[in-house]
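These notes concern the structure reproduced below.
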Amino acid sequence: MTTTITPAITIAIDGYSSSGKSSMAKALAKKIGYRYIDSGAMYRAVTLYAMQHSMISAGHEVDCDALIAALPLIKIDFKVCEDGQHTLLNGVDVESKIRQLDVSNNVSQVAVIPAIRHALVAMQQAFGTEKGIVMDGRDIGTTVFPDAELKIFVNASAETRAMRRHKELIEKGESSTYEDVLANVVTRDHIDETRQESPLRKAQDAILLDNSKMTIAEQDSWLIDRYNEAISKLK
Ligand code: DC
């Protein structure tokens, strides 16, 4: 009897903020037994560190030199908990803090700093050395894992994305208005798309998904089909 071993691959899921890419990526990783890494959480954790150490002004100006000098002191990791994966900043669980609107309002300004991106890209690549990983973000298919066997680029209209994020924040007991969330989504899209260093862009070989009109079950099943196709190409 011959047994076929399914090869472990690298899966890159990029897309606009609040496009639902993290939920899809998490569901896929769980289903196929892969490690899931939320690269956006890493940018958020660095942003929180900068805020906690007074390195970001009220006008969202970042003290780049101070933050770059502090990089060796910033340790980011992930812990699997009952309600999903939590982000650890220097050993402290910051999962709920990094999702708050004040962090969202500063994170793009941190994510444009080339030295911060280089440091985080190196950490992300280290997470993926053994494959068997699903990572989501903005530059995973273009910069972090340009050789990923499966690349997906997710989009939905800004209004749909703001509605989803607003619902999530309300469910978590955060006070935010739909208008504030929409403004944050639009601003972050602009900063993500226009930054010099690895801007948000679909990799040429990524498969595009517009999930504006899809249910979560539909998008999860669409993604499993793409995974099965990618695996069958390798066999
Ligand atoms: O996916 P998210 O909204 O949690 O990401 C937070 C911010 O981090 C987002 O505004 C852009 C930035 N980011 C990035 O520049 N590159 C990544 N790979 C992931 C996130």
Side-chain angles (χ1 to χ4, degrees), residues 10-26 36-51 56 60 62 64 67 74 76 78 84-87 89 94-128 133-146 148 151-156 158 160-162 164-166 168-169 172 174 176 180-203 206 211:
T10 302
I11 304 176
I13 305 193
D14 289 302
Y16 285 84
S17 63
S18 308
S19 58
K21 58 187 185 312
S22 300
S23 312
M24 289 172 72
K26 264 182 236 167
Y36 164 68
I37 299 287
D38 172 357
S39 69
M42 300 171 76
Y43 287 92
R44 287 172 179 272
V46 172
T47 304
L48 180 66
Y49 181 95
M51 290 164 68
I56 305 187
H60 311 297
V62 184
C64 294
L67 186 54
I74 304 177
I76 301 166
F78 295 96
Q85 190 165 275
H86 285 207
T87 309
L89 170 60
V94 291
E95 187 55 33
S96 76
K97 274 201 178 137
I98 60 166
R99 307 290 163 192
Q100 290 171 357
L101 203 54
D102 55 349
V103 173
S104 300
N105 283 334
N106 285 315
V107 65
S108 301
Q109 284 76 6
V110 169
V112 295
I113 305 168
I116 303 292
R117 297 203 71 81
H118 295 161
L120 290 189
V121 166
M123 279 186 220
Q124 290 151 9
Q125 289 170 334
F127 279 126
I133 190 168
V134 182
M135 190 176 290
D136 76 347
R138 303 293 190 288
D139 59 345
I140 311 304
T142 52
T143 306
V144 181
F145 299 127
K151 298 180 187 178
I152 309 289
F153 190 88
V154 193
N155 198 6
T160 304
R161 291 183 285 125
R164 289 176 184 159
R165 185 69 139 213
H166 181 231
E168 259 171 41
L169 288 169
K172 283 185 189 158
E174 301 280 327
S176 74
D180 285 349
V181 178
L182 179 62
N184 175 258
V185 162
V186 171
T187 307
R188 281 202 291 151
D189 284 356
H190 179 73
I191 301 177
D192 289 347
E193 284 173 324
T194 55
R195 69 169 169 246
Q196 286 269 307
E197 184 79 21
S198 44
L200 172 64
R201 204 146 289 163
K202 177 185 164 300
N211 65 5

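Values reported hereafter were calculated over all heavy atoms of this structure, with side chains retained and with hydrogens, waters and symmetry mates removed. Atoms within each ligand, like the ligands themselves, are counted from 1 in listed order.
Residue R117 places at least one N or O, backbone or side chain, under 3.5 Å from an N or O of ligand 1. The shortest N or O to N or O distance between D136 and ligand 1 is not below 3.5 Å.
Residue K97 qualifies as open at atom NZ: its count of foreign heavy atoms under 6.0 Å is 12 or below. At most 12 non-hydrogen atoms from other residues, nucleotides or ligands lie less than 6.0 angstrom from NE2 of H190.
In this structure, the side chains of R161 and Y16 come closer than 4.5 Å at one or more pairs of heavy atoms. Between V144 and Q125, the closest side-chain pair of non-hydrogen atoms falls below 4.5 Å. R117 places a side-chain heavy atom less than 4.5 Å from the side chain of D139.
Looking only at distances, no side-chain donor or acceptor of H60 sits under 3.5 Å from a matching main-chain atom of Q109.
The protein heavy-atom contact nearest to atom 8 (O) of ligand 1 is Y43 CB, 3.6 Å. In terms of protein heavy-atom proximity, atom 20 (C) of ligand 1 is nearest to G40 CA, 3.5 Å. Nearest to atom 3 (O) of ligand 1 among the protein's heavy atoms is R188 NH1, 2.9 Å. When only non-hydrogen protein atoms are considered, atom 19 (C) of ligand 1 lies nearest to S39 OG, 3.4 Å.
Counting heavy atoms only, R138 comes closest to atom 5 (O) of ligand 1 of the residues Q124, Q109, R161, R138.
Of all the heavy atoms in T143 and S198, the pair that sits closest is OG1-CB, 3.3 Å. Heavy atoms only, all atoms of each residue included: Y49 and L67 are closest at CD2-CD1, 4.3 Å. The two atoms that bring V62 and I113 nearest to each other are CG1-CD1, 3.9 Å, heavy atoms only.
Using a 4.0 Å cut-off between heavy atoms, R195 contacts ligand 1 through its side chain alone, with no backbone atom that close. At a 4.0 Å heavy-atom cut-off, ligand 1 touches D192 through the side chain alone.
Of all atoms in ligand 1, listed by their number and element, those nearer than 4.0 Å to a heavy atom of S108 are 10 (O). In the vicinity of K21, heavy-atom distances shorter than 4.0 Å reach the ligand 1 atoms 1 (O). For ligand 1 and R44, the ligand atoms under 4.0 Å from any heavy atom of the residue are 2 (P), 3 (O), 4 (O), 6 (C). Counting atoms of ligand 1 from 1 in the listed order, those under 4.0 Å from a heavy atom of A111 are 12 (C), 15 (O). Of all atoms in ligand 1, listed by their number and element, those nearer than 4.0 Å to a heavy atom of G137 are 18 (N), 19 (C). Less than 4.0 angstrom separates some heavy atom of D139 from each of these atoms of ligand 1: 16 (N), 17 (C), 18 (N).
Taken from CD1 in I37 to CD1 in I133, the straight-line distance is 5.0 Å, to the nearest 0.5 Å.
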